[in-house]
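Down below is the structure, laid out as structure tokens.
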Amino acid sequence: MEYYHNPRCRKSREGLALLREKGIEPEIREYLKENPDEKEIRSLLKKLGIPAEDLIRKGESIYKEQFRGKKMSEDAWVKALVEYPVLIERPILIKGDKAVIGRPPENLESLL
């Protein structure tokens, strides 16, 4: 399992703690240090089964300043996620060809 993690995020830390309580030690991907490329974002979206816009953290200042209210194509949103990985909702747990956003952290249990 791979875990898209931001150690500064409380929900991300809570999700990781939940996994560890269940004896699971995922491969941790600090995606803000190791940014995903376009191919990885598209693969992640397919595993999540959602469009790129649904993966956007709309509370981030970069979203409010540059993207709020704009109608953008799927390709444009994917490029935004690559350019500004802080916009990627977190945490995300990936297992095989499935993934889930851990908000709330209990959502992670659906892949266990």
Side-chain angles (χ1 to χ4, degrees):
M1 291 188 197
E2 185 178 10
Y3 190 71
Y4 272 50
H5 180 53
N6 178 352
R8 297 182 65 199
C9 172
R10 182 174 56 88
K11 293 292 183 193
S12 194
R13 292 191 309 271
E14 288 174 1
L16 187 56
L18 182 144
L19 293 173
R20 287 176 172 161
E21 285 171 13
K22 297 192 175 293
I24 297 166
E25 187 59 48
E27 178 184 328
I28 295 175
R29 168 88 179 259
E30 287 192 39
Y31 66 95
L32 294 177
K33 291 181 180 177
E34 191 182 329
N35 302 347
D37 61 22
E38 187 173 329
K39 182 179 177 183
E40 289 172 300
I41 293 290
R42 289 187 187 282
S43 174
L44 182 59
L45 291 167
K46 184 176 181 183
K47 291 173 183 180
L48 287 165
I50 61 173
E53 188 173 6
D54 289 355
L55 190 59
I56 301 288
R57 292 179 53 83
K58 294 176 175 70
E60 294 292 332
S61 59
I62 192 75
Y63 172 81
K64 293 174 184 176
E65 294 164 6
Q66 294 192 30
F67 301 105
R68 181 174 33 205
K70 290 187 178 180
K71 297 288 182 203
M72 294 172 47
S73 69
E74 181 74 359
D75 286 343
W77 280 121
V78 168
K79 288 180 186 343
L81 288 165
V82 170
E83 186 172 352
Y84 304 104
V86 71
L87 290 174
I88 298 171
E89 187 59 89
R90 60 185 180 253
I92 300 170
L93 181 63
I94 304 165
K95 180 182 180 184
D97 64 351
K98 299 283 185 195
V100 66
I101 298 172
R103 285 190 173 265
E106 293 76 24
N107 285 355
L108 301 173
E109 294 179 9
S110 68
L111 285 186
L112 306 183

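Excluded from the calculations below are hydrogen atoms, water molecules and symmetry mates; all remaining heavy atoms, backbone and side chain alike, are included.
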>> Holding to side chain to side chain donor-acceptor pair (under 3.5 Å), I want the full list of residues that pass it with R10, two or more places apart in sequence or in another chain.
In response: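 Partners of R10 by the side chain to side chain donor-acceptor pair (under 3.5 Å) criterion, ordered by chain and then number, come out as E14.
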>> Test of understanding: with side chain to side chain donor-acceptor pair (under 3.5 Å), list the residues that count as partners of D75, not counting sequence neighbours.
In response: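 By the side chain to side chain donor-acceptor pair (under 3.5 Å) rule, D75 matches R42.
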Where at least one partner belongs to [range], residue pairs that pass ring pair (Phe, Tyr, Trp, His ring centres under 6.0 Å), sequence neighbours excluded:
| range | result |
| --- | --- |
| residues 93-112 | none |
| residues 86-112 | none |
| residues 4-24 | Y3-H5, Y4-Y31 |

> Which residues pass the salt bridge (charged side-chain N to carboxylate O under 4.0 Å, His left out) test with K98, sequence neighbours left out?
Replying inline: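 Once residues adjacent in sequence are excluded, K98 has no partner under the salt bridge (charged side-chain N to carboxylate O under 4.0 Å, His left out) criterion.
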Quick check for you: to the nearest 0.5 Å, what is the distance between [X] atom [atom1] and [Y] atom [atom2]?
| X | Y | atom1 | atom2 | result |
| --- | --- | --- | --- | --- |
| R13 | R8 | CZ | CZ | 9.5 Å |
| S43 | I94 | OG | CD1 | 7.0 Å |
| L87 | I62 | CG | CD1 | 7.0 Å |

> Taking side chain as C-beta onward, heavy atoms only, is N6 less than 4.5 Å from V86?
Replying inline: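 No. Closest side-chain heavy atoms not under 4.5 Å.
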Can I get a per-line list of side-chain donor-acceptor pairs under 3.5 Å for residues 45-57, giving both atom names and the distance, sequence neighbours left out?
residue: K47; atom: NZ; partner: G96; partner atom: O; Å: 3.4
residue: R57; atom: NE; partner: E60; partner atom: OE2; Å: 3.0
residue: R57; atom: NH1; partner: E89; partner atom: OE2; Å: 2.8
residue: R57; atom: NH2; partner: E60; partner atom: OE2; Å: 3.3

Please output the side-chain donor-acceptor pairs of residues 105-112 that fall under 3.5 Å, not counting sequence neighbours, one pair per line with the distance.
residue: N107; atom: ND2; partner: I101; partner atom: O; Å: 3.4
residue: N107; atom: ND2; partner: R103; partner atom: O; Å: 2.8
residue: S110; atom: OG; partner: N107; partner atom: O; Å: 2.9

Using atom types as modelled, flag every donor-acceptor pair under 3.5 Å from a side chain in residues 63-73 to any protein atom, sequence neighbours excluded.
residue: Q66; atom: OE1; partner: Y84; partner atom: OH; Å: 3.3
residue: K70; atom: NZ; partner: Q66; partner atom: O; Å: 2.9
residue: S73; atom: OG; partner: A76; partner atom: N; Å: 3.1

> How far apart are the closest heavy atoms of I88 and P36, and which atoms are they?
Replying inline: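 Smallest interatomic distance, heavy atoms only, reads CD1-CG, 3.8 Å.
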> Mind checking whether I92 and M1 sit in one hydrophobic cluster, side chains of I, L, V, M, F, W, Y counted as touching below 4.5 Å?
Replying inline: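 They do not share one cluster, since no chain of ILVMFWY contacts under 4.5 Å joins I92 to M1.
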For residues 23-30, which side-chain N or O atoms pair as donor and acceptor with protein atoms under 3.5 Å away, sequence neighbours left out?
residue: E25; atom: OE1; partner: R20; partner atom: NE; Å: 2.8
residue: E25; atom: OE2; partner: R20; partner atom: NE; Å: 3.3
residue: E25; atom: OE2; partner: R20; partner atom: NH2; Å: 2.9
residue: R29; atom: NE; partner: E34; partner atom: O; Å: 2.9
residue: R29; atom: NH1; partner: E40; partner atom: OE2; Å: 3.1
residue: R29; atom: NH2; partner: E34; partner atom: O; Å: 2.9
residue: R29; atom: NH2; partner: E40; partner atom: OE1; Å: 3.4
residue: R29; atom: NH2; partner: E40; partner atom: OE2; Å: 3.4
residue: E30; atom: OE1; partner: K33; partner atom: NZ; Å: 3.3

